[in-house]
Chemist: 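The structure is given below, and queries will be raised subsequently.
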Amino acid sequence: MDYLMGFSDTVKALEEVLPKALRIALFLGVLTLIQTIAQVFKRHYSRLIKLFAGKHDPPHPDTSSPTQRNLSRSFRAADHVNDNKHHLLLAATGSVATIKIPNIVGALAKYDNVSIIILLTESSCNFLQGQSGEQPSLAQIANMKNVDGIYRDEDEWRKPWVRGDSILHIELRRWADLMVIAPLSANCLAKMAQGLSDNLVMSVIRAWDATGMLDPARPGVALPYSGKKGIMVAPAMNTAMWHHPLTAEHMKRLNSDWAISNGGWIEVLDPIQKEIACGDTGAGGMHEWKSIVASIERRLRLLSTKEGLK
Amino acid sequence: MDYLMGFSDTVKALEEVLPKALRIALFLGVLTLIQTIAQVFKRHYSRLIKLFAGKHDPPHPDTSSPTQRNLSRSFRAADHVNDNKHHLLLAATGSVATIKIPNIVGALAKYDNVSIIILLTESSCNFLQGQSGEQPSLAQIANMKNVDGIYRDEDEWRKPWVRGDSILHIELRRWADLMVIAPLSANCLAKMAQGLSDNLVMSVIRAWDATGMLDPARPGVALPYSGKKGIMVAPAMNTAMWHHPLTAEHMKRLNSDWAISNGGWIEVLDPIQKEIACGDTGAGGMHEWKSIVASIERRLRLLSTKEGLK
Amino acid sequence: MDYLMGFSDTVKALEEVLPKALRIALFLGVLTLIQTIAQVFKRHYSRLIKLFAGKHDPPHPDTSSPTQRNLSRSFRAADHVNDNKHHLLLAATGSVATIKIPNIVGALAKYDNVSIIILLTESSCNFLQGQSGEQPSLAQIANMKNVDGIYRDEDEWRKPWVRGDSILHIELRRWADLMVIAPLSANCLAKMAQGLSDNLVMSVIRAWDATGMLDPARPGVALPYSGKKGIMVAPAMNTAMWHHPLTAEHMKRLNSDWAISNGGWIEVLDPIQKEIACGDTGAGGMHEWKSIVASIERRLRLLSTKEGLK
């Protein structure tokens, strides 16, 4: 009897509790399952997710890595010696004029013999997150014609270095026929003039072959400056920054012994007078992007080759 | 019979297992629910939580954002032109003397016609986390009288920039009548003397209108230095740092053409001799904070206006 | 009847559903439990986990903190005045030659009267993650003989500073008889020559007692440079970096008034010509590590004491 009563009571209680309890338990179980799957997925496919989420999630910086194709094998200049292309290393630093990078790349799309690798400082990435029509995301830029890679600081030591590994900023310097820094911010101008190399862009600049004797010319490719490689810079900054006395000092470094015209390796595209992004009117605005493109075309002799192709 | 036996066995097993299993399942279910709610809450209200947790959680840097009121709409100098207040941009860099910021702000609380915006480098924030009575948290400082904003590096590009947006370090320069950097660390002194602008404080300094011609005077507000804006700096560093030959070089930059007395825009409040925080005794300690307050009062002509108000 | 039918139906349904549902609920419950335990464990024992995981997880930087013994109480030079040991502050900056640090430490293991504290910049840590036989992890290096601490930037303000606390970069300078920076990267050479102190290594350098008058000699310990402390640097960089005109400028600073030979506090161990890690052949490679060890032995007079011990 005790047994039966116990059984009967239990059954009653079960009848009331079970349907609800089961539903709750199942619901929570499924919830946990989804959560667990989501976490596993997030951990292993975070890059993938970001790539898809990129455009719909403008408030966060675009951290997708459109250079994956390059990272499958680490980048080596030697692999590209015979690609019969002009190698343009196009860098942007922390100025709003960074938004002209897509224009410059777009204007070079008409050439089939140009390979472009883009370098971005962390500050400059703020301006290319797909937040407006003129500011595509890095993933979008990576898909533009001639763009063969986009590198950021995080790419430098992504894989723990061991003996025999290449060093990214050295390989990029070797690869480049011409480096163009547009825009060159006030901060990076100061770093350049004083030899600081605390990010990928500045490391390539600091490791530039100022003597012109280290990197052999590639067969059949004319180098931009009378047979020498070089760095073309387009400073861009607020008018007050431009008029600060330190700017003149830093510019003087670039325009002295270091200048192409004095046997050096640097060509300066002077800022222009205009109303700049911050609202001030005056000097300091970046050289017009179309003029920058024209300078690139002239230095890489693209127009003549283009005509030659016709 | 088979059916009945199966049923009977199942019922028995159920009778033993169910109560425990149900309790466990329910318990874990509730646990998951709480966890999930906590995570959702954490993600969406993290700022809120930090604000409340700020004081009770001293070991972690105070990352609350007491400038929320300003961020509801991005900061524009133009919105404050006619507030009939003296605009004091008070910055601190990575020296322990940062703990004098609350004293300076507190001493200016007696004036009704002063608006203070505080700028902090990431290093300086270490010293204001509410870890002691003389080191209130940023949230507490934000509630002090006359403090109309506290900005850090993370505020610069919080919202992805699009054409038409203001640029924080430019707006802050425009807004300020007087910028005071107290303390100016050895590192930031070096950056200032050499034009590096890799954080918000240094960007305002680099974007300062050295010519004095860009920013129009505000109606009815006397500018501190014979009708010009200016930057007042109070270097503070370890005695050995102060005696390092580079310090003299950097100080010479600030005291030469750049000095107010030579027609420039910088006033230096020299360090004093005392036992400093690190235990060394000698030069390098920050100018007494009361003297800094007196200098601010004199430059902004607060005493005369105070008397004028009576 | 209704009751019985309801009961009968429920029992049937239960018989089918329950075994599976229970198993699922239990499984998910256990899963949640494990997950919860793992998270709690992860939060509270993260350092412990990393320490164990260090060697098996080479792709992630080794963030274990092998200096825990020092952190139990904050580091004070005063606690080590009478340890009858030579104090060697051995720093590495962001060059691949950082992998020679274990060799240098290993070669000094034969001395019982040497105490070594290692300082690493964040860049240099990339090269010591246990990713190869010649690149042990920091945890492994911390266990080498004579190593009494390894410090990184994160150790500087780990505990929120309050009045009375010591300041790490000042205590390390006081503690050291000799500081050796091997390798000194191009970037840190620039920072050193220009007084930037934005990390722990550069802060110790900037806070060095250039006058030689601040820190009292320890009883019975001969200081390396005619009774003075000093900094020995071994620059290391890519050949192109070495030939960049800025390098000569920066080296000139170190070799002028600052040089030991001119009454200063710096001794330079010149780079050598060899094939360096990046593949270029030429100058810029770090001084041979065995020669660096020999210089340390000579400056700290280890050989004579060693012979004296025999």
Side-chain angles (χ1 to χ4, degrees), chain A residues 3 6-7 10-11 13-14 17-18 21-22 24-29 31-32 35 58-62 94 96 99 123 125-135 185-191 193-194 196 198 237-241 243-247 249-250 276-282, chain B residues 11-12 14-15 18-19 21-26 28-33 35-36 39 76-78 156-171 173-174 191-199 202-203 205-215 253 256-258 264-265:
Chain A
Y3 171 84
F7 171 71
T10 306
V11 166
L14 272 177
V17 173
L18 260 181
L22 270 176
I24 294 173
L26 271 168
F27 173 75
L28 291 171
L31 214 88
T32 313
Q35 193 190 347
H60 296 94
D62 179 358
V96 293
I99 65 173
S123 298
C125 288
N126 286 316
F127 304 107
L128 296 172
Q129 302 177 40
Q131 66 264 61
S132 79
E134 62 178 350
Q135 293 169 279
S185 70
N187 186 38
C188 284
L189 168 63
K191 288 185 186 174
Q194 288 163 117
L196 294 165
D198 55 0
M237 60 191 79
N238 169 271
T239 301
M241 284 183 160
H243 287 304
H244 193 291
L246 279 171
T247 311
E249 274 186 41
H250 297 160
I276 49 183
C278 49
D280 283 344
T281 303
Chain B
V11 165
K12 265 192 203 164
L14 272 177
E15 202 175 9
L18 261 181
L22 271 176
R23 229 177 298 147
I24 294 173
L26 271 168
L28 291 171
V30 169
L31 214 88
T32 314
L33 197 69
Q35 193 190 347
T36 308
Q39 284 185 358
R76 284 182 185 273
E156 178 89 277
W157 305 114
R158 191 186 289 278
K159 178 184 166 301
W161 185 89
V162 294
R163 198 182 285 268
D165 283 356
S166 60
I167 291 172
L168 185 56
H169 63 266
I170 301 297
E171 293 300 324
R173 178 259 286 172
R174 285 193 185 127
K191 288 185 185 174
M192 188 174 178
Q194 288 163 117
L196 293 165
S197 47
D198 55 0
N199 63 35
M202 301 316 300
S203 293
I205 294 173
R206 184 70 177 78
W208 200 259
D209 178 18
T211 64
M213 294 186 304
L214 277 173
D215 299 327
R253 296 301 309 252
S256 63
D257 296 349
W258 300 6
W265 65 99

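Within every chain, numbering begins at 1; the chains are lettered A, B, ... in the order of the sequence lines, protein sequences first and strands thereafter.
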Chemist: Can you find a pair of side-chain heavy atoms, one from A/Gln129 and one from B/Trp161, that are under 4.5 Å apart?
Modeler: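 In short, these two side chains do not touch, never coming nearer than 4.5 Å.
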
Chemist: Is A/Ser185 close to chain B through its backbone or its side chain, or both, or neither, when contacts mean heavy atoms under 4.5 Å?
Modeler: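 Contact with chain B: none, neither part.
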
Chemist: Under a 4.5 Å cut-off applied to non-hydrogen side-chain atoms, are B/Ile167 and A/Asn238 in contact?
Modeler: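 Sidechains of A/Asn238 and B/Ile167: no contact.
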
Chemist: What's the spacing between A/Thr239 OG1 and B/Met213 CE if we round to 0.5 Å?
Modeler: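 One finds 11.0 Å between OG1 of A/Thr239 and CE of B/Met213.
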
Chemist: A/Ser123, A/Ala186, A/Cys188: which one forms the most heavy-atom pairs within less than 4.5 Å of chain B?
Modeler: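 Heavy-atom pair counts peak at A/Ala186.
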
Chemist: For B/Leu196 versus A/Ala190, what's the shortest heavy-atom pair and its separation?
Modeler: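 Closest approach of B/Leu196 to A/Ala190, heavy atoms only: CD2-CB, 3.8 Å.
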
Chemist: If you round to the nearest 0.5 Å, how far is CD of B/Gln194 from NE2 of A/His250?
Modeler: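 These two atoms lie 7.5 Å from each other.
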
Chemist: Between chain A and each of B/Thr211, B/Val162, B/Asp209, count heavy-atom pairs under 4.5 Å; write down the option with the most.
Modeler: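 With the most close heavy-atom pairs to chain A, the winner is B/Val162.
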
Chemist: Which heavy atom in A/Ala240 sits nearest to a heavy atom in B/Ala207, and how many Å separate them?
Modeler: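 The pair with the smallest heavy-atom distance is CB-O, 3.2 Å.
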
Chemist: Report yes if some heavy atom in the side chain of A/Asn126 is under 4.5 Å from a heavy atom in the side chain of B/Glu156; otherwise report no.
Modeler: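 Contact flag for A/Asn126/B/Glu156 side chains = no.
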
Chemist: With only heavy atoms counted, which part of B/Leu168 is less than 4.5 Å from chain A, the side chain, the backbone, both or neither?
Modeler: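 Interface part for B/Leu168: neither.
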
Chemist: Among the options A/Gln135, A/Met241, A/Glu134, pick out the one with the most heavy-atom pairs lying under 4.5 Å from chain B.
Modeler: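 Highest number of pairs under 4.5 Å: A/Met241.
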
Chemist: Quick one: pull up CZ in B/Arg206 and CG in A/Leu246 and give me the separation to the nearest 0.5 Å.
Modeler: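 Answer rounded to 0.5 Å: 6.0 Å.
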
